[in-house]
Each structure stands twice: as C-alpha cells, then as structure tokens.
2 protein chains.
Amino acid sequence: MARIHNDETGTREQILSCAARLFRTEGYAAVTLRGIAKAIGMTTGSLYYHFSSKEDIVREILDQGHKRVFSEVRGAIEALGENAPCEAILKAGIQKHIECLLGEDSFPSANTRIFAHVPVEVRAPTLGERHKYELYWTDILKSCQKRGAIHPDINPHTLSLLLFGAMNWTLEWYKPGRHGIESIADNLVLLVLRGPKVGARQDGERTPSKVRSVRSVAAKA
Amino acid sequence: MARIHNDETGTREQILSCAARLFRTEGYAAVTLRGIAKAIGMTTGSLYYHFSSKEDIVREILDQGHKRVFSEVRGAIEALGENAPCEAILKAGIQKHIECLLGEDSFPSANTRIFAHVPVEVRAPTLGERHKYELYWTDILKSCQKRGAIHPDINPHTLSLLLFGAMNWTLEWYKPGRHGIESIADNLVLLVLRGPKVGARQDGERTPSKVRSVRSVAAKA
DNA sequence: GTCTATAGGAGGATAGAC
DNA sequence: GTCTATCCTCCTATAGAC
C-alpha cells in the first residue's frame with residue numbers, strides 16, 4: 001500500500017540529498033556530477049537516468065530548500081494561534097528559520113548558500129516564491145509594529161531584509177558545539193523587539209514584562 | 001619622484017581590480033583566468049608574469065578587501081573622538097561598513113562574497129585578521145552596552161555576528177535605485193540601539209531624545 | 001536502473017618566441 | 001611585459017552494453 005508509483009524511488013531522493021549536502025559545504029560550481037555520483041557509489045552515467053542535467057538537480061534542491069523553510073516557519077507560527085503575542089511569534093519564526101538552516105536537512109542551507117551563484121536561468125523561476133516568503137515576514141513585522149512591539153520608525157520591509165541577513169549569515173559562523181540555536185534566536189528577538197516602552201502604549205500589546213521570558217541569554221550564546 | 005619601483009605597475013592593479021569585480025558578481029569558481037585576461041585585453045599567459053596562480057590573485061583580493069573595510073570603519077569611528085555618543089559610533093561604523101560593501105570598489109564585496117567558497121589554504125591565513133575585526137566590533141558593542149545603549153541581556157559577541165549578517169547580506173538584495181544606503185544604516189542602528197529606556201539610566205548616556213536624529217527613516221528605506 | 005567508454009569542451013598552468 | 005601554442009586535467013553529457 002505504501003508503495004510509491006512515481007519517480008520518487010529511493011535513488012532519486014538519495015541523489016538530491018547527497019547533492020544538497022555537497023552544495024551546502026562546497027558551493028555551487030565546486031560540486032561536480034562525478035563528486036555526487038562517487039559519494040553515493042554511482043557513476044555519472046547513472047545520474048542521467050534520474051536527472052537531465054546538473055541544473056535540473058540544483059533546480060529541485062533550490063525549490064525544495066525554500067519550500068521546507070517556508071512551510072516549517074509558517075507551521076511554527078500558525079501553531080501559536082491567532083492572538084499570540086508578538087514576542088512569541090517572532091521567537092517561533094526566527095528560531096524555526098535558523099533551525100532549518102543549521103539542521104541536518106541540507107536543502108535549506110544549500111538553497112541559501114548557492115542561490116546567488118547559480119545560473120540565472122535556474123534562479124529566475126524561483127524569484128516569485130522567494131518574494132512570497134519576504135512578504136510573509138514583512139506582513140508579520142508590520143503587524144508587530146502596529147501592535148507596538150517594534151520601533152515605529154523602522155521600515156518593516158527593510159527590517160525583513162536585515163533580519164534575513166542576520167539569520168542566513170549564521171551559516172557562515174555557527175559551530176554546533178560553541179553556540180546554541182535557541183540563544184541565537186533569543187538574542188535576535190531582543191534586537192527586533194522594541195525595548196521596554198516609555199511612550200503611550202498602542203492597542204492590544206501587554207506590558208513590557210513579556211520581554212522577560214527571553215532574558216538572561218547574554219551569558220550563553 | 002612619484003615613480004614606483006616595486007611590482008605595483010598599473011597592470012598588476014588592473015588585474016586585481018578586474019578580478020575583484022568578476023569575483024564580486026560571479027563567485028569564486030565561476031571566474032576563470034581566461035575571463036580575467038579577456039576583460040582587460042590580455043591573454044592568460046601574461047597573467048602569470050604578475051601572479052603565480054589563481055589562488056595568488058584571490059589571496060591578495062581577500063586580504064585587501066578585508067583591510068579596506070577595517071581601516072575605513074575604524075577611521076570613521078575614530079574621527080568622532082573619544083567621547084562620542086553610542087548612537088553616533090554605531091551609525092558611523094555600520095554605515096561605513098555597508099558603504100564599503102556596496103560601493104564601487106569591488107575588493108570588499110568580493111572578499112565577503114567568495115570567502116566561504118575559496119580553498120582552505122587561501123582562507124586559513126586570513127582568519128587571524130578577520131578575527132581582529134570581529135573583536136573590534138565586539139568591543140564597541142560591549143562598551144555601548146555598558147553605557148546603556150544596548151539591551152543588557154544581549155550577548156555582545158553574538159550581536160556582532162548577527163550584525164555582520166545583517167550588513168553583509170545587503171550584498172544579496174541591495175539595488176542602487178531602490179534603496180538608500182544611509183536609510184538602511186539608520187534602520188539597522190535603530191535595531192541595535194535599545195529603545196527609549198524605562199529602567200534606571202546607566203552611567204554616561206544622555207536622554208532617549210538622542211534617538212531622534214535617526215527618526216523618520218521608515219518611509220524611505 | 002546501472003554500467004563502461006568516450007566525445008567535446010573548458011579549465012589552470014607552462015614553455016619559449018618576440 | 002606580452003604573446004602564441006600547448007599540456008594535462010577535469011568537467012558535462014551522450015551512446016550503448018548489460
């Protein structure tokens with residue numbers, strides 16, 4: 001019953017995840033079909049039974065890498081319910097995004113690391129989906145700003161881009177033993193959140209004490 | 001009198017800046033010696049009179065790219081004098097760092113974009129200098145935190161890494177017409193700075209009104 | 001579905017003429 | 001200081017046997 005009738009034999013998936021792992025660590029141009037084939041005990045000829053070209057492989061990795069991050073992040077945020085406090089929303093989204101990038105699944109990190117170095121023909125068709133993710137975050141940030149949790153003078157769209165930078169760049173410095181993902185996320189949430197407010201409070205936000213739950217992360221990160 | 005007696009003829013510099021421009025836009029592996037040579041009307045054989053290998057070229061670009069950012073940023077900050085307010089220091093440093101990356105000089109951006117994709121033998125010797133820059137920023141952030149301008153629960157070292165991410169990632173999305181460098185910097189300063197404080201003020205910091213000067217950037221960025 | 005063999009091209013690097 | 005010519009390696013992709 002659980003048999004799969006389409007192309008998704010184990011081999012195809014194996015090629016993709018192995019390629020993603022190599023792209024993640026070595027970059028786009030440095031990865032060769034020979035390298036992929038060798039890493040899974042195959043020859044390059046066999047790869048062409050499953051994919052028509054190197055670009056065909058990378059296209060699918062970019063696609064899946066992006067989809068996985070988006071759906072994981074959205075899932076984590078929606079699980080909080082409609083009226084979750086801004087801090088919880090930001091914490092969940094930021095932490096999940098970083099977890100995706102730094103986790104064992106190499107698709108998200110491969111996507112982030114090689115995107116800029118991939119041929120335009122591969123990159124162009126993915127721009128629409130990437131834009132949706134950008135808008136998703138911008139809307140969240142706008143809403144948090146409206147609720148008073150983010151400094152009113154910050155541009156939400158620019159903030160989303162700066163936030164992506166802070167999150168995606170963890171790929172360049174994160175070392176599993178030395179850093180904790182959650183404390184990285186906590187530090188980043190503290191940045192995005194407006195500090196304890198002095199001015200008049202806006203709509204539904206609660207008191208500044210809600211910031212407490214991500215306190216005392218300074219010593220650990 | 002102004003004649004130069006070392007290797008620094010115009011040609012050598014021309015090769016380097018042309019290579020940097022290509023590395024910046026195409027990535028490390030995608031740039032070929034033939035491409036560099038062709039772009040300046042030379043042949044690959046001639047390149048080897050000036051450099052002994054591709055790695056030799058990239059080594060110098062990484063080196064210079066890093067040095068230029070560091071000295072520009074340090075210069076901008078030191079020009080403010082010893083007792084400059086934290087906001088001014090952060091604004092100057094952040095803006096200068098971003099200006100270096102997005103400016104006409106391709107060495108800083110090439111350095112940032114290809115670093116992770118360069119052979120280890122080239123990367124390893126540069127780690128020491130890069131670490132110094134990291135420490136330089138961490139010290140600045142620590143000092144700002146001590147003066148109360150940065151949230152006390154944030155880890156300054158983690159903050160420096162997140163800040164580098166936000167700044168360096170501008171390379172991936174900045175478009176000259178659509179964004180203003182200064183407003184990007186203003187937005188980022190607002191993030192790093194603690195919002196208007198409610199608790200007891202610490203040492204030398206002045207009133208929250210100093211935040212005003214980077215206000216109203218939301219509409220522009 | 002995987003293999004071997006190989007075509008066809010591009011890469012870094014060198015030798016030696018000018 | 002720059003050129004041409006070339007070596008050798010490695011790449012993507014294909015053809016056809018098993």
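Naming convention: chains lettered A, B, ... in sequence-line order (proteins, then strands); numbering from 1 in each chain.
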A/Arg113 (side chain) donor-acceptor with A/Arg24 (main chain) under 3.5 angstrom: yes
Proximity to the side chain of B/Met42 - top-ranked nucleotide from C/dT2, D/dT2, D/dT4: D/dT2
Show me, pair by pair, the donor-acceptor contacts under 3.5 angstrom made by side chains of residues 32-43 of chain B, not counting sequence neighbours?
| from | atom 1 | to | atom 2 | distance (Å) |
| --- | --- | --- | --- | --- |
| B/Thr32 | OG1 | B/Gly35 | N | 2.9 |
| B/Thr43 | OG1 | B/Ser46 | OG | 3.3 |

Interatomic distance, A/Lys38 NZ vs D/dC11 P [rounded to whole Å]: 10 Å
Spacing of A/Tyr49 atom OH relative to C/dT2 atom P, expressed in whole Å: 8 Å
Spacing of B/Glu26 atom CD relative to C/dG11 atom C1', expressed in whole Å: 15 Å
Atom-pair distance (CZ on A/Phe51; P on D/dT14), nearest Å: 15 Å
4.5 Å side-chain heavy-atom contact, B/Ile184 and B/Ile94: no
Residue pairs involving residues 97-111 of chain B (criterion salt bridge (charged side-chain N to carboxylate O under 4.0 Å, His left out); sequence neighbours excluded): B/Arg68-B/Asp105, B/Lys96-B/Glu99
Selection residues 24-48 of chain A - residue pairs positive for ring-ring contact (aromatic ring centres under 6.0 Å, His included), sequence neighbours left out: A/Phe23-A/Tyr28
Distances for protein N or O near nucleotides 13-18 of chain C N or O, under 3.5 Å:
| from | atom 1 | to | atom 2 | distance (Å) |
| --- | --- | --- | --- | --- |
| C/dA13 | OP2 | B/Tyr48 | OH | 2.7 |
| C/dA13 | OP2 | B/Lys54 | N | 3.0 |
| C/dA13 | O5' | B/Tyr48 | OH | 3.1 |

Could you give the side-chain donor-acceptor pairs of residues 163-170 of chain B under 3.5 Å, partners two or more places apart or in another chain?
| from | atom 1 | to | atom 2 | distance (Å) |
| --- | --- | --- | --- | --- |
| B/Asn168 | OD1 | B/His97 | NE2 | 2.9 |
| B/Asn168 | ND2 | B/Phe164 | O | 3.4 |
| B/Thr170 | OG1 | B/Met167 | O | 2.6 |

Sugar-phosphate only, base, or nothing, as touched by B/Thr43 at under 4.0 Å among non-hydrogen atoms: base
Nucleotide D/dA13, atom P - distance to NE2 of A/His50 in whole Å: 16 Å
Pairs touching residues 70-82 of chain A that satisfy side-chain hydrogen bond (donor to acceptor under 3.5 Å, both in side chains), sequence neighbours left out: none
A/Ile40 CD1 - C/dC3 C1' separation (whole Å): 14 Å
Spacing between B/Leu47 atom CG and D/dT2 atom C1', to the nearest angstrom: 10 Å
Separation of C/dG12 P from B/Asp56 CG (nearest whole Å): 14 Å
Touch class at under 4.0 angstrom, heavy-atom based, for B/Gly35 against every strand present: nothing
